[in-house]
Structure formats: structure tokens, C-alpha cells
Amino acid sequence: MSDLSDSISPTQYSDEEKERHRIYCYLVMSLLAHYWNPWKKGVDGQYNWTGDLSATPSTYLGHNIACIAVDGNGKIVDFDFNHNEIFNSSIEHAEARLLRRLFSLNTHFHSSNTFALPRIPDDESSLVSKALNVGADILETWEANFRKSQSNYWKALEDVTIYTSLESCAQCSGMMAIGAVKEVVFVQQDPGQRSIGNILFNLNEGSAFSAPEPIPANKIDLVEFQYLDIAFKHFVEGVKSLPFHEDGNNKDTSPSITSFLCTKEALEIFKHGRHKMKTLQLQHKLWKPNQSPATLTNEGVLEHVRICHNRAIAVGRRATPQTR
Ligand SMILES: [Zn+2]
């Protein structure tokens, strides 16, 4: 798995940049540690990989996958979680949900602004109908240009970095490409996605339609990337003989990555990330990627991340009932 990831990101990062990226990854893991839920198969039956569940809320709203969006100044715009289960949908992925909200937040353009003027049936002999139709064309062109100059929605995410806990799927990679997201950092590789983000990035490199640069977190020296990789391999091997879940004669021995995310091992690694977020001592406190007064230093990022973590816990899961 890690061999594949080594080929993904062409960019090499300085120690200062790596430190900055890691801070955001710790926040993603902290959110997962807080909202982690192992009840993928419901409350019945026996879970063999989860440890003691007696104190764990039983509501499984979706897989244990989270992401955040960060703007060019280093500020966190928003966060979201996978909510497949609560919406009975296989497309309610964390990144897809987050991207839709980012565009909503950026909305300068409302559907009421659009209008398509009715055309009069073209009559070759009628100068009036020709004149009116040409007038409609001019007005629509003006409207389109006005909207274009006002909204710039296709550029809204061009300085945005997405940090996600699991490598993105084809849907979310495609949405990020269409949305012109700058880059996507993922805390864990998902071999099931076959590096689709990398494929899109290479396909579109140098074209006007550019996909975000995929950055596996081992490129920024996030040790939890390797921990998750090793733990997942352990699960894939072990689940053949020790089912993830058993209910009567039904034994779930699938090496599913979303089942792995319900294991105690995965949770402990997310907690490891949370501990880092809370106790981190920075090496490059005053560094920032540009000299804009609005851009946070690494020290500012860490403080901001800790505040956002508390805020995220207070407001709960996005667009769902708050269960804690
Ligand atoms: Zn996805």
C-alpha cells in the first residue's frame, strides 16, 4: 500500500510546511476520536474487534470518516463526516457533503437572478420578432456576464486544502476537481480506491481542468499514516479467522476498510492524533507560507485548530441530530 502512495505526490515539502499540514491532520483525527462509533452492524450480535462498547452511544450515523476545509490563510472553513447510514445513501461521503456546503457558503448567486427570456417564434418576414429576439440575446448575455463577474464560484475553492481521514473515492475526487480544490491531504490510504485521485491529477496536469494534488500524509511525516496502514493490514489478515461481527450463523469476515475504522486499533490511533493536537510543541512557530497579514503562522494555526476542535464538539455532527 505505501509503495503506491510514494508515487502520488510530486511535491516535496519543507519541514515548516510538513508541520503545518500535520496540525490539521491532528484535528481530523481528534474529531474522529470524539465521534467514533463502532456499531456498523447494529446493536445486536457480537463485535470482536471493538473492545468494551458498554459506554459507547449506539447510534451509527455513518462511517468513521471526517474531513475539514482550510482556506489560503490557514483558517478552517468547515468540517463534516460521512453520513451514509443516516441518509440510507452510499454517496453521503464527508468530502462530498463538505464541498456542497462550501459552495453554499460562497453563494453570491441565487436562482432568482437567472432568467431566460421567452423568444418570439422566428418569422423571417417580421423585423419586430427579429429585433425582440436579438434584444433577448443581448440581455441574457449581459445577465450571464454580470453573474460571472459577481460570483466567481468556479474559483471559490482554488486556495482550499481538504484534509480527510481516508483517501477520497471517485465521486469526491471528481467533485474536488470540478470545484477546483487546490490539494487534498489524506491521513489513511484506501487501497480500494486504486489511487483515483492520483489518476485524475495526472490526467489533468497542465490542463485548465486541474484536479487537486493528492497528498498522502506519509509525505508530511505523519506517523499515524503508517500506524493506520499497518493496523489495517493486520485487520485484513485477522478478520478471516476472527469475524468483525457475528450474529447467530452470520459471520462478517469482509476485510472492509469501514469495518476496520470501527476497530479499537483504529480508535487508538485517532486518539494518538488527538493527544498530539493537545500537547504539540511546535518547531516552526512563526513560519507561514506567505507574508500576508491575514495568514496564520504555524503557532496561530495550532491555536486556531484547538479552538475549532472545541467548537466542532459543541455544535455536533453536521446536519444530523446531535447525540452528545
Ligand atoms: Zn467519497
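In listed order, ligands and their atoms are each counted from 1. For the numbers below, each heavy atom of this structure counts, side chains included, while hydrogens, waters and symmetry mates do not.
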salt_bridge(Arg97, Glu92) N-O dist < 4.0 Å:
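Looking at Arg97 and Glu92, the cut-off is met.
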Closest non-hydrogen atom pair, Phe235 against Ser259
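Closest approach of Phe235 to Ser259: CZ-CB, 3.8 Å.
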Does some side-chain heavy atom of Ile220 sit less than 4.5 Å from a side-chain heavy atom of Glu17?
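They are not in side-chain contact.
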Considering the Zn ion (ligand 1), could you give the total of protein N/O/S atoms lying closer than 2.8 Å?
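Considering protein N, O and S only, the Zn ion (ligand 1) has 3 within range.
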Quick check, are the ring centers of His234 and Trp49 under 6.0 angstrom apart?
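Under 6.0 Å, so yes.
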ring-ring contact (aromatic ring centres under 6.0 Å, His included) partners of residues 159-184, not counting sequence neighbours, each pair once:
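ring-ring contact (aromatic ring centres under 6.0 Å, His included) check on residues 159-184 returns His21-Tyr163, Tyr24-Tyr163.
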Using 30° and 60° as the class boundaries, would you call the ring planes of Trp39 and Tyr47 parallel, tilted or perpendicular?
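The rings of Trp39 and Tyr47 stand perpendicular, inter-plane angle above 60°.
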